[in-house]
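Computed from a predicted model, the values in this text were never measured in an experiment.
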There are 2 protein chains.
Amino acid sequence: MSLPHAILTALLEKPSSGLELTRRFDRSIGYFWSSTHQQIYRELGKLEEAGQIRALPSTQPARGRKKEYEVLPAGREALAAWVALPEDPKQIRDPLLLRMRAAAVVGAPGLTAELRRHLVLHEKQLAEYLAIERRDFPPGRDSEEDRLRHLVLRGGIDLENFWIGWLTRALAQDSGQVTPARPSGP
Amino acid sequence: MSLPHAILTALLEKPSSGLELTRRFDRSIGYFWSSTHQQIYRELGKLEEAGQIRALPSTQPARGRKKEYEVLPAGREALAAWVALPEDPKQIRDPLLLRMRAAAVVGAPGLTAELRRHLVLHEKQLAEYLAIERRDFPPGRDSEEDRLRHLVLRGGIDLENFWIGWLTRALAQDSGQVTPARPSGP
DNA sequence: GTTATCATGTAACAGGTTACATGATTTT
DNA sequence: AAAATCATGTAACCTGTTACATGATAAC
């Protein structure tokens, strides 16, 4: 039940076409709710039929022609209602943790390399978030909207830091226990 | 593509029936890959048909009768192959972060209470993990299997700590900025 | 005019959720 | 014998993914 609300949020921030939304889901919004253009078009259709958004009447609709949407009052109300709804945190679902548990049973050649690879990816993601933070939230700008959006970004940053910390500790343990300690150099 | 491998892992740890698996998915395995009995039965059927597991021949099969499965060599090989496969970390997908971003646009009455509720839930989950850690990983037991399983549990613990930290900071900011500072007491 | 790319879609499928159905076993 | 619960399953639906199709516009 989250994608339509992600779309409503994005459209309230700025009316857009399906492709524009897709691009924005590859950046800001997608950092905590990713999606593909197929899903977005499908959902835009449903939202329009439900009377929560409408296509701007500026251009006549046709396949291949750009179609921009804006949120109708009903859509804004639906979004506000959803925000107010309590929802429990989901159980973790992480393939890497699962693979590690499986590795405890069937063995794990190459798992260390995989952990290192993930570490690099998370470090890259962290650097990206930090760049966004510097760009979008310089000290001083503190409206309520900025505060909330900054908190969301902080969530992403903290989460990457969690992974980096965990992976680093896992790798340290790994090299300390599995590979015999071996000073570098020839 | 993870559920079948979660099931294979669980069955290698201990041959079980569908219901027993369901219960174990509510505890240990489910802490990083949750599932329901419907999905588990469906997947057990597929795995049996694919020749990766088989029902123990001790009882004749019938609806309502317990049916225990064990992993066949093909299943163990498939699991080992999957463990060795590289797989990128997924994008974050969190409804709470999304709701916060939406709240920046449509307002957020009651969001503070929701954050507090989540904080309590994460603290409970953390306490549960720590109890498991004390019970299953007392200092000293350091086989390779234990080491990997302990790392997985540590992942869960660190993740709960991430949420607790983030929520605490969010709430501190919230009370500091929105509600006027007000000393407790009459 | 051909090629690239912008833009909107369709179709088929896989994975996950919710609601319901039904047989077997144990407890009272 | 009735009720509880153990145990397996079906069906419908929703969400998400992958592959493909097609029209409009811009660049060369």
**Q** Not counting sequence neighbours, which residues clear side chain to side chain contact (heavy atoms under 4.5 Å, CB included) with A/Leu72? List them please.
**A** A/Arg54
**Q** What range of DNA chain C does chain A touch, first nucleotide to last, counting atoms under 4.0 Å from its heavy atoms?
**A**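 From 5' to 3', the first and last contacting nucleotides are C/dC6 to C/dT17.
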**Q** Output the residues of residues 11-32 of chain B in contact with DNA chain D, where contact means a heavy atom of the residue under 4.0 Å from an atom of the strand; sort by number or write none.
**A**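 Correct list: B/Ser17, B/Gly18, B/Leu19, B/Arg23.
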**Q** Could you pull out all residues at least two apart from A/Leu121 that satisfy side chain to side chain contact (heavy atoms under 4.5 Å, CB included)?
**A**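 Checked A/Leu121 against side chain to side chain contact (heavy atoms under 4.5 Å, CB included); matches are A/Arg117, B/Asp88, B/Pro89.
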**Q** Between A/Glu144 and A/Arg147, does any side-chain N to carboxylate O distance fall below 4.0 Å?
**A**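 Result for this pair is yes, salt bridge flagged.
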**Q** Quickly, which of A/Arg23, A/Arg24, A/Glu70 forms a side-chain hydrogen bond (donor to acceptor under 3.5 Å, both in side chains) with A/Ser16? Name it, please.
**A** A/Arg24
**Q** Run B/His150 and B/Glu133 through side chain to side chain contact (heavy atoms under 4.5 Å, CB included) and show every step you take.
**A** CA-CA 8 Å; B/His150 193 177; B/Glu133 188 181 38; 2.7 Å; yes
**Q** Which residues in residues 94-102 of chain B have a heavy atom closer than 4.0 Å to any atom of DNA chain C?
**A** none
**Q** Between the side chain of B/Arg99 and the main-chain N/O of A/Leu85, is any donor-acceptor distance below 3.5 Å?
**A** yes
**Q** Whether A/Asp136 and A/Arg149 form a salt bridge (side-chain N of Lys/Arg under 4.0 Å from carboxylate O of Asp/Glu) is what I want to check.
**A** no
**Q** Under 4.0 Å, heavy atom to any atom of DNA chain D: which of residues 36-46 of chain B qualify?
**A** B/His37, B/Gln38, B/Tyr41, B/Arg42
**Q** B/His122 and ring-ring contact (aromatic ring centres under 6.0 Å, His included): which single residue from B/Tyr129, B/Trp163, B/Phe162, B/Trp166 fits?
**A**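 One option only clears the test, and that one is B/Trp163.
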**Q** Quick one: does any side-chain atom of A/His37 pair with a main-chain N or O of A/Leu21 as donor and acceptor, under 3.5 Å?
**A**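 Side chain of A/His37 to backbone of A/Leu21, a donor-acceptor pair under 3.5 Å: no, none is there.
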**Q** Does A/Lys14 come within less than 4.0 Å of A/Glu20, counting only side-chain N to carboxylate O?
**A** no
**Q** Taking all non-hydrogen atoms of both residues into account, name the closest pair between B/Gln125 and B/Tyr31 and its distance.
**A** NE2-CE2, 3.9 Å
**Q** Can you check whether A/Phe32 reaches A/Leu159 side chain to side chain, under 4.5 Å on heavy atoms?
**A**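 No. Closest side-chain heavy atoms not under 4.5 Å.
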**Q** Could you check how far CE of A/Met1 sits from C1' of D/dG16, rounded to whole Å?
**A** 16 Å
